Amino acid sequence: MKKLKLIQQITDGGVVAVLRASSPEEAVEMADRSIAGGMRIIELTMTTPFALKAMETLAGKYSSADPSADNYAVVGVGTVLDPETARAAILSGAEFIVGPSLNPETVRLCNRYRVPVMPGVMTIQDIQSALELGVDIVKLFPGNLFSPSMISAIKGPLPQANVMPTGGVDLDNLGDWIKAGAVAVGIGSDLTKEAVKTGNFELITEKAAAYVDAFRKAKGQ
C-alpha cells in the first residue's frame, strides 16, 4: 500500500524539484529551500557528487508519513541508469526512482521492492513497454522536444498512461501541460539556476512557491 500512497503523494504535489548540485551539501540546501517554498516532492540526481550522502541526510530530516507535518517531503533519486544504482538509492532512503530512459531491469528491481519508478520515455513504444513492465508514471523526457499537445497524442492509443513531462517545463507553460493531462511535472534548472549564479538560495524558495501556485491554479485549486 505504501507504493500506491507515494504515487498519490507525487501526483497531489504535482511539481517535482529536480536538483542537480555540485556537492551533497549544496543538494541538501537546494532541497531545504524547495521544501520551504512548498515543493515537497524532491528528486536528487545521481550526477551530484556523493548524491547518496545527500539522500541519507534528507531521509533523516524529512518524512512522507504526514502531509500536514512541517517536515513532510517525499524524497527520491533521479538520473538512475541501472538496477545497482536504484538499489543503492533505495537502501539510502529514496522513496522513488527516476531514470532518463527505460531500463527494464531497473523497473523490475523497483517493483521487487515496491518502490515507484518513473523511467524516461520518448515514443509510444517506450510507453507501451513501460506499462507492460508495471510502470505507473512515465517521464516524458526531454520535455522541451515536445509541446503539451503530445499528451493528447499519447492518450489517443494509450489513455491509461500517466505522463510527467520533465525538461523545458517553466512557469509560462506549466499550466498548459497540466491542462493537457500531465499528472505531474518535473522542474529542473529553472528552479535553481539563478540561485546558483548569484549565491542567493532564497531565490529557490521564491521560485518554488511560484511553481506550487501555478500548479494549484492550473488544477483549479
Side-chain angles (χ1 to χ4, degrees), residues 3-20 39-43 45-46 74 76-83 86 95-111 114-191 211-212 214-221:
K3 178 185 177 183
L4 297 178
K5 179 183 176 183
L6 287 169
I7 292 169
Q8 187 64 58
Q9 288 171 309
I10 291 168
T11 56
D12 285 348
V15 281
V16 179
V18 182
L19 305 179
R20 299 186 187 276
M39 289 181 73
R40 302 287 181 140
I41 315 299
I42 305 297
E43 175 191 330
T45 66
M46 285 300 297
V74 181
V77 168
T79 320
V80 174
L81 305 181
D82 49 57
E95 294 196 286
F96 63 89
I97 299 295
V98 183
S101 62
L102 176 61
N103 181 286
E105 290 306 314
T106 298
V107 174
R108 293 188 183 100
L109 183 283
C110 292
N111 287 342
R114 299 296 293 160
V115 172
V117 56
M118 294 173 278
V121 298
M122 291 184 71
T123 68
I124 295 295
Q125 178 62 63
D126 286 345
I127 298 170
Q128 181 176 329
S129 297
L131 292 173
E132 290 170 354
L133 288 165
V135 170
D136 295 289
I137 300 173
V138 294
K139 180 178 82 165
L140 185 64
F141 180 78
N144 56 2
L145 296 183
F146 306 95
S147 71
S149 64
M150 181 63 174
I151 302 288
S152 61
I154 291 169
K155 287 186 172 289
L158 297 173
Q160 71 274 34
N162 296 312
V163 182
M164 180 181 74
T166 302
V169 180
D170 56 32
L171 287 169
D172 292 330
N173 61 28
L174 181 150
D176 294 332
W177 280 108
I178 296 301
K179 291 171 184 176
V183 297
V185 294
I187 310 299
S189 62
D190 189 61
L191 178 64
Y211 271 109
V212 171
F215 172 74
R216 289 174 176 167
K217 287 179 178 176
K219 297 289 287 187
Q221 297 174 353

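These numbers come from the heavy atoms of this one structure, side chains and all, not from hydrogens, waters or symmetry mates. Small disclaimer: the values here were computed from a predicted structure and weren't measured.
- Annotation for S152 and S149: closest pair OG-O, 2.9 Å, computed over non-hydrogen atoms.
- Using a 4.5 Å cut-off on side-chain heavy atoms (C-beta onward), V107 and L102 make contact.
- Distance check: K179 NZ to K217 NZ gives 10.5 Å after rounding to the nearest 0.5 Å.
- With contacts defined as side-chain heavy-atom distances shorter than 4.5 Å, the pair L133/R108 qualifies.
- Of the N and O atoms on the side chains of Y211 and D190, at least one donor lies less than 3.5 Å from an acceptor on the other residue.
- Taking 4.5 Å as the limit, every side-chain heavy atom of I97 sits out of range of all side-chain heavy atoms of P116.
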Candidate pair M118 and T166, rule side-chain contact (heavy atoms from CB on, under 4.5 Å), full reasoning: CA-CA 11 Å; M118 294 173 278; T166 302; over 6 Å; no
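- With rounding to the nearest 0.5 angstrom, the CG atom of D12 is 13.5 Å from the CZ atom of R40.
- The two residues P100 and L81 come nearest to each other via the heavy atoms CG-CD2, 3.5 Å.
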Worked verdict on I124 versus I154 for side-chain contact (heavy atoms from CB on, under 4.5 Å): CA-CA 7 Å; I124 295 295; I154 291 169; 4.2 Å; yes
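- In this structure, E95 and V115 approach most closely via the heavy-atom pair O-CG1, 3.6 Å.
- The closest side-chain heavy-atom distance from K3 to D136 is below 4.5 Å.
- The structure places CD1 of I7 at 10.5 Å from CD of Q9, a figure rounded to the nearest 0.5 Å.
- Partner of T45 under the side chain to side chain contact (heavy atoms under 4.5 Å, CB included) criterion, chosen from V18, L19, V80: V18.
- One N or O on the side chain of D170 and one on the backbone of N173 form a donor-acceptor pair closer than 3.5 Å.
- A130 and P119 make their closest contact through CB-CG, 4.4 Å (heavy atoms, listed as atom of the first residue, atom of the second, distance).
- With rounding to the nearest 0.5 angstrom, the CE atom of M164 is 10.5 Å from the CZ atom of F141.
- Residues T79 and V98 fail the side-chain proximity criterion, which asks for heavy atoms closer than 4.5 Å.
- Side chain of N162 to main chain of V183: no donor-acceptor pair is present (N/O by atom type, distance under 3.5 Å, no hydrogens or angles).
- Under the 3.5 Å distance criterion, the side-chain polar atoms of N103 are matched with a main-chain donor or acceptor of T106.
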Audit row: L140, M150, side-chain contact (heavy atoms from CB on, under 4.5 Å) steps and yes/no: CA-CA 9 Å; L140 185 64; M150 181 63 174; 3.9 Å; yes
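- Proximity of a side-chain donor or acceptor of D82 to a complementary backbone N or O of E105 within less than 3.5 Å is not detected.
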Derivation of the side-chain contact (heavy atoms from CB on, under 4.5 Å) call for W177 and I151: CA-CA 8 Å; W177 280 108; I151 302 288; 3.9 Å; yes
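- Here OG1 of T11 is found 10.5 Å from CG of L6. Values are rounded to the nearest 0.5 Å.
- Here the shortest heavy-atom pairing between G186 and V169 reads O-CB, 3.9 Å.
- For P165 against V163, the heavy-atom pair with the smallest separation is CD-O, 3.7 Å.
- Between I41 and F96, the closest side-chain pair of non-hydrogen atoms falls below 4.5 Å.
- For the pair L158 and L131, the minimum side-chain heavy-atom distance is below 4.5 Å.
- Scanning for salt bridge (charged side-chain N to carboxylate O under 4.0 Å, His left out) contacts around E43 gives an empty result, with sequence neighbours left out.
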